[in-house]
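In what follows, a single structure is set out as structure tokens and then discussed.
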2 protein chains.
Amino acid sequence: MTNDTIPAARIDVAPEEACPITPVVGIVFSRWTTPILWVLNEYGRHRFVELERRIATITPKVLTERLRQLERDGLVVRTYHPEVPPRVEYEISELGRSLAPLFASLAGWSINLGKVEQARLDYDAREPVRGRRT
Amino acid sequence: MTNDTIPAARIDVAPEEACPITPVVGIVFSRWTTPILWVLNEYGRHRFVELERRIATITPKVLTERLRQLERDGLVVRTYHPEVPPRVEYEISELGRSLAPLFASLAGWSINLGKVEQARLDYDAREPVRGRRT
DNA sequence: CGGAATCCACCACGATACTG
DNA sequence: CAGTATCGTGGTGGATTCCG
């Protein structure tokens with residue numbers, strides 16, 4: 001505990017981000033990951049096509065990519081059943097499940113979506129006044 | 001509490017997303033918004049350049065864009081002081097401040113980053129076995 | 001200082017095949 | 001069924017320049 005530990009340093013924070021949660025956001029909230037994790041968490045194990053249908057607007061290619069990434073990050077578990085026809089199942093991992101309270105929090109914040117919508121209307125209503133001074 | 005509330009409907013979920021938190025994610029976790037909100041929430045009101053320096057890797061163009069978006073969504077308040085030289089200050093709004101617990105949750109989940117890293121190492125270690133069957 | 005305007009590069013995503 | 005391969009594009013972000 002001598003003073004040869006980090007010398008207070010500049011407050012410039014990390015070189016990368018001024019924000020400690022950025023890495024988590026990158027992992028958990030990159031495109032399509034939330035619908036996938038939500039579905040797996042909420043409705044349990046799914047086959048590929050089931051996910052595809054459940055999410056509907058995702059293409060198989062992108063679904064594959066995202067599932068790979070989630071599997072790699074340890075948030076999703078992939079199980080291959082060597083049958084004919086082949087069957088693959090995806091389920092949320094324990095690590096993935098640990099995100100549940102977070103998701104619940106997020107869902108809870110949804111009650112504020114109306115305020116956001118209203119803020120947008122207000123903003124758009126007074127913004128045509130070009131120049132945006134004041 | 002009669003059964004004339006939402007008639008069960010199809011479970012096909014929303015047409016857009018199979019996931020109710022997607023809208024919130026779009027608003028709160030789009031690119032750069034977290035560092036900005038985090039800084040404003042954590043360190044209070046900032047001038048444009050201060051934010052620029054604090055975040056460091058962001059370009060003024062993108063910073064402007066994101067600040068506009070956040071202002072429009074009611075998460076950030078912009079105050080213009082007509083002086084010479086001009087001075088503009090950004091601070092988090094009450095609505096933005098309501099995200100604080102969420103951010104704290106996220107920050108708390110950071111303890112799992114090591115597990116993610118380990119999962120990646122494991123995955124990469126066994127993946128060179130091409131074919132990815134099993 | 002606090003931006004706006006312009007130009008450009010990249011790649012994530014979508015669409016459309018095809019396969020074990 | 002559960003993907004992979006290939007191609008094309010648009011939209012986002014970076015770099016640069018200029019302005020009130």
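Chain identifiers are assigned alphabetically (A, B, ...) following the order of the sequence lines, protein sequences preceding nucleic acid strands; residue numbering begins at 1 within each chain. Bear in mind the structure is a predicted one, so any value in this text is a computation, not a measurement.
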Are R53(A) and dA2(D) close enough that a side-chain N or O sits under 4.0 Å from OP1 or OP2?
-> no

Overall bend of the helix from dC1(C)-dG20(D) to dG20(C)-dC1(D) (five pairs an end, 10° steps) is 50°

Lys NZ or Arg CZ of R87(B) over Y80(B) ring: under 6.0 Å, within 45° | no

Could you state the atom-to-atom distance from CG of L67(A) to P of dT4(D) in whole Å?
-> 10 Å

Atom CZ of R45(B) to atom P of dG2(C): distance rounded to whole Å?
-> 13 Å

Please check the phosphate of dG20(D) (OP1 and OP2 only) for any side-chain N or O of Y80(B) closer than 4.0 Å.
-> no

Please list, for nucleotides 12-16 of chain C, all pairs of protein and nucleotide N/O atoms separated by less than 3.5 Å.
{"from": "dC13(C)", "atom 1": "OP2", "to": "R66(A)", "atom 2": "NH1", "distance (Å)": "2.6"}
{"from": "dC13(C)", "atom 1": "N4", "to": "K61(A)", "atom 2": "NZ", "distance (Å)": "3.3"}
{"from": "dG14(C)", "atom 1": "O6", "to": "K61(A)", "atom 2": "NZ", "distance (Å)": "2.5"}

Please determine, for the side chain of V49(A), which listed nucleotide (dG3(D), dA2(D), dA4(C)) has the closest atom?
-> dA2(D)

Which of dC1(D), dA4(C), dA2(D) is nearest the side chain of P85(A)? It is dC1(D)

Who pairs with R53(A) by side chain to side chain donor-acceptor pair (under 3.5 Å), at least two apart in sequence or on another chain?
-> none

Among all residues two or more places apart in sequence or in another chain, which pass the side chain to side chain donor-acceptor pair (under 3.5 Å) test with E65(A)?
-> none

Please state how far atom CZ in R78(B) lies from atom P in dG2(C), giving the value in whole angstrom units.
-> 10 Å

Taking all atoms of both residues into account, what is the closest heavy-atom pair of A100(B) and N41(B), and its distance?
-> CB-ND2, 4.0 Å

Please name all residues satisfying ring pair (Phe, Tyr, Trp, His ring centres under 6.0 Å) with F103(B), sequence neighbours left out, ordered by chain then number.
-> none

Between E83(A) (CD) and dG3(D) (C1'), how many Å, whole number?
-> 16 Å

With E94(A), which residues qualify under salt bridge (charged side-chain N to carboxylate O under 4.0 Å, His left out), at least two apart?
-> none

Residue list, salt bridge (charged side-chain N to carboxylate O under 4.0 Å, His left out) with R66(B), at least two apart or on another chain | none

Sequence neighbours excluded - salt bridge (charged side-chain N to carboxylate O under 4.0 Å, His left out) pairs with any residue from residues 35-48 of chain B = R45(B)-E89(B), R45(B)-E91(B)

Kindly say if R68(A) contacts the phosphate of dG3(D), meaning a side-chain N or O under 4.0 Å from OP1 or OP2.
-> yes

What's the CG-P distance between L51(A) and dA2(D), to the nearest Å?
-> 10 Å

Reckon R47(A) has a side-chain N or O less than 4.0 Å from the OP1 or OP2 of dC1(D)?
-> no

To the nearest Å, give me how far apart CZ (F48(A)) and C1' (dG20(C)) are.
-> 15 Å

Pairing residues for S30(A) by the side chain to side chain donor-acceptor pair (under 3.5 Å) criterion, not counting sequence neighbours | Q69(A)

Between dT4(D) (P) and L63(A) (CG): distance, integer Å = 11 Å

Once you round it to whole Å, what is the distance between C1' of dG3(D) and CZ of R87(A)?
-> 16 Å

